Number of protein chains: 2
Amino acid sequence: MNLRELSESLGLSQTTVSRALNGYPEVREETRTRVLAAARAANYAPNSRARRLATGRAMTIGHVVPLSGKEEMVNPIFADFLVGAGEVYAREGYDLLLSMVPNGEAERAYRQMASNGSVDGVMVQSPRLVDGRIALLQELDLPFIVHGRTGDHSNYSWLDIANIRAFRRATEFLLDLGHTRIALINGPEDLDFALRRRRGFEEALAARGIAPQPHLMQADLMTELFGYNAAATMLDGPEPPTAFVVSAIMPAIGVRRAAGERGMRLGRDISVICHDDMLSYIGNDAASAPGGPPFTATRSSIREAGRRCAEILIDLIRNPGLAPVQELWETELTLGRSTGPAPSAD
Amino acid sequence: MNLRELSESLGLSQTTVSRALNGYPEVREETRTRVLAAARAANYAPNSRARRLATGRAMTIGHVVPLSGKEEMVNPIFADFLVGAGEVYAREGYDLLLSMVPNGEAERAYRQMASNGSVDGVMVQSPRLVDGRIALLQELDLPFIVHGRTGDHSNYSWLDIANIRAFRRATEFLLDLGHTRIALINGPEDLDFALRRRRGFEEALAARGIAPQPHLMQADLMTELFGYNAAATMLDGPEPPTAFVVSAIMPAIGVRRAAGERGMRLGRDISVICHDDMLSYIGNDAASAPGGPPFTATRSSIREAGRRCAEILIDLIRNPGLAPVQELWETELTLGRSTGPAPSAD
DNA sequence: CCGCTAACCCAAAGCGCTTTGGGTGGGCGC
DNA sequence: GCGCCCACCCAAAGCGCTTTGGGTTAGCGG
């Protein structure tokens, strides 16, 4: 069933039927209801390919997910971010086009999306310190928003959390508890957010006159295993840390495992504070966790970020002249059971 | 730049240029290279909307991700499955259309995809015991493949793992170690795979003359928190289990946390065996984990399943007459450090 | 030198929708 | 009773591509 057939069966022109379906005012209310009834009865839906060609809009938003490194790790936070964005897209009538590409080929993917018009805008995630994507998208004149930010971020739209403040605060929290040998288990430091987190960490230490110890800082893909390995190495080494600042909950779980294997209990023998993206399948929140959240954490919902990014992006698409939208979100420090006072001097 | 402009600039017809670009034999090799060079120089890519309208193929595959329940939990395994499928799509020139819908509205989403022709086929995940989607898709005549299976699964394409055998085997493994009070922490039992796993579990117990204990069986969304809560309840209750069979690694981590808080070490004081989807950010494999995988597990790569499902689906799309393709994958039992002999009778 | 076949190329007709630029008829004001 | 303006509807022109159904030319055998 297509528009022509439907209109013929109704004895109306395609124009009228199209207008009736799309809510234009030029058609009598009685006619409209008749058309709508017929469309429903015939299970008619306008062919999206044709509609897109005719309108020139793709009604689609592209997400290019770079598969990092050789192991092609997929960041678990992508899923929640996607869901948040997807909710908004669904509500606003947009499709989500997901493109998985090896890390180096993201540029090609964007370029193609722009030139073949398959999307109206794109979502950019995990910006690196030097990231060609932003200049590229500006050149291609494709609406976009960056989750995170990098470089000179005054001229494009982004949404980010206050990473420096969050990690300064987290570190201060541990310092206030009397910890002095504090380790940082960070994300890959070619990513902008990771470097900011490190800066916050170092600033807090510096403010108390503590020099950062290279052997207490590691950075890599934020997997459980990395957290485990890093913590294991540090705990077994000389001058082991009494506390950890960790960049995500997954490596924090790894730290917990390493500590557990060494007979240490979190919050008693060793402290861990991490950033919590509020992933739905972890549930590190006070409401659902009896006795409080397992991890003390700086929190910010990645799904909510996805939602908001989607909203902004759609706004940018609909209003081409819009000035860049930039939002900096504060994180929330929530007390959990993974932190406690530093063990008395040995 | 569109086809008309490109062909005019070359002094050729649109037909010839189109044929040259699409590799048809009717064009001289010299002409073809000239066209290709011009296209590259002009950064031309055929407009995908127009191409799709003209060919009648969407070159897109739909994934409808149901957001389960009110909390709208997003299953972490979706991410890895998506990546696997996405790799294949990218290779074969297909786009991935991701549609997030509340659990009840999946049917509407499929129906719409079918009637507006936005996809050539769809991927069905997490089939429930009674699942209208399969009959619906057959009625809509939309190519599809089910990851998992349900009901009478003789008439459609699916790929599944041998859940019953996997969980029977896992349970036998614990029985062989001398455990008799074995708990099951399962996924939601309105899902087909969860019920199969339970069956495997119960069969293994029955073979040794052990009756399943209702208070040692819980089923829910496979989150870390659920694993924790379930294990905590069981461990603090009467006749606590000495071993756990767990449906996924995330709740298994929760079990580990509950055990750790009670001073129990996995593989020594308590045993845990789980199903491991080989998620990239956990890395529960021997190769990357020093000292062996933390969890003893039945393993099967969810990403590999995504890849294979995508391949099959594309096959089904390209060859409409194809008979249903059905693959049953065996899982691999890998020894980890989370299991050990049952504590001697107290 | 003629006719036939390859090899190349082209004009034009869709694909199914939206949107422009009218048309028609009835009601209303004067 | 006339003219004008809405309210309602329509025919047709795109959107940018693929594909059908020829056309033209050169080369070759007879």
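To find a chain, count down the sequence lines: A is the first, B the second, and so on, and within it residues start at 1. Keep in mind the model is a prediction, meaning the values are calculated, not measured.
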Notebook entry, point to check: Starting at CZ of A:R52 and ending at P of D:dG16, how long is that distance when rounded to a whole Å?
Noted result: 16 Å

Next item on the list: Could you check how far CZ of B:R4 sits from C1' of D:dC15, rounded to whole Å?
Entry: 11 Å

Next item on the list: May I have the distance from B:R49 (atom CZ) to C:dC17 (atom C1'), rounded to whole angstrom?
Entry: 13 Å

Notebook entry, point to check: So, do B:Y44 and B:L3 sit near enough that their side-chain heavy atoms are less than 4.5 Å apart?
Noted result: yes

Item checked: Minimum side-chain heavy-atom gap A:P46-B:N116 below 4.5 Å -> no

Note to self: I want to check something: taking the side chain as every heavy atom from C-beta on, are B:N22 and B:R51 in contact at a cut-off of under 4.5 Å?
What the structure shows: yes

Short heteroatom pairs, N/O only, protein and nucleotides 10-12 of chain D, under 3.5 Å:
residue : atom : partner : partner atom : Å
D:dC10  : OP2  : A:S13   : N            : 2.7
D:dC10  : OP2  : A:S13   : OG           : 3.0
D:dC10  : OP2  : A:T16   : OG1          : 2.7
D:dC10  : N4   : A:R19   : NH1          : 2.6
D:dA11  : N7   : A:T15   : OG1          : 3.3
D:dA11  : N6   : A:T15   : OG1          : 2.4
D:dA12  : N6   : A:T15   : OG1          : 3.4

Next item on the list: Using five pairs at either end of the helix from C:dC1-D:dG30 to C:dC30-D:dG1, determine the angle between the two local helix axes and round it to 10 degrees.
Entry: 50°

Next item on the list: Decide yes or no for A:N43 and B:R111: does some side-chain heavy atom of the first lie under 4.5 Å from some side-chain heavy atom of the second?
Entry: yes

Notebook entry, point to check: Can you tell if the side chain of A:F78 reaches within under 4.5 Å of the side chain of A:I302, non-hydrogen atoms only?
Noted result: no

Next item on the list: Using atom CZ of A:R57 as one end and atom P of D:dG16 as the other, report the distance to the nearest whole Å.
Entry: 15 Å

Checklist line | Any A:N47 side-chain N or O less than 4.0 Å from OP1/OP2 of C:dC15 | finding: no

Next item on the list: Measure the acute angle between the ring planes of A:F81 and A:H147, then classify it against the limits of 30° and 60° as parallel, tilted or perpendicular.
Entry: parallel

Note to self: Any base atoms under 4.0 Å from B:T55, or only sugar-phosphate, or nothing? Heavy atoms, all strands.
What the structure shows: sugar-phosphate

Item checked: Protein-nucleotide distance (A:L21, atom CG; C:dT18, atom C1'), rounded to Å -> 12 Å

Margin query: Pair A:H63, B:L98 - check side-chain contact (heavy atoms from CB on, under 4.5 Å), show working.
Written below: CA-CA 10 Å; A:H63 282 226; B:L98 192 59; over 6 Å; no

Notebook entry, point to check: Where is the tightest heavy-atom contact between A:S301 and A:W329, given as atom of each residue plus distance?
Noted result: O-CZ3, 4.4 Å

Notebook entry, point to check: Any side-chain N or O of A:R51 less than 4.0 Å from the OP1 or OP2 oxygen of C:dT18?
Noted result: yes

Next item on the list: In whole angstrom, give the distance that lies between atom CE of B:M59 and atom P of D:dT18.
Entry: 12 Å

Notebook entry, point to check: For DNA chain D, which residues in residues 27-46 of chain B have a heavy atom at a distance below 4.0 Å?
Noted result: B:Y44, B:P46

Notebook entry, point to check: Just how far, in rounded Å, is P of D:dC8 from CG of A:L10?
Noted result: 17 Å

Note to self: Can you confirm whether A:R128 sits close enough to A:T150 that some side-chain heavy atom of one is under 4.5 Å from a side-chain heavy atom of the other?
What the structure shows: no

Margin query: Using side-chain heavy atoms (C-beta onward) and a distance below 4.5 Å, is A:I61 in contact with A:L313?
Written below: yes

Note to self: Counting only side-chain nitrogens and oxygens, does A:N22 get under 4.0 Å of the OP1 or OP2 atom of C:dT18?
What the structure shows: yes

Margin query: Assess whether a salt bridge exists between B:E8 and B:R4, defined as any Lys/Arg side-chain N lying under 4.0 Å from an Asp/Glu carboxylate O.
Written below: yes

Check: Would you call A:L6 and A:S9 a side-chain contact if the rule is heavy atoms closer than 4.5 Å?
Finding: yes

Margin query: Using whole Å, what does the distance between atom P of nucleotide D:dC6 and atom CD of A:E26 come to?
Written below: 14 Å

Notebook entry, point to check: If each of B:Y24 and B:L53 is mapped to the nucleotide of DNA chain D with the nearest heavy atom, which maps nearer the 5' terminus, i.e. the 5' end?
Noted result: B:L53

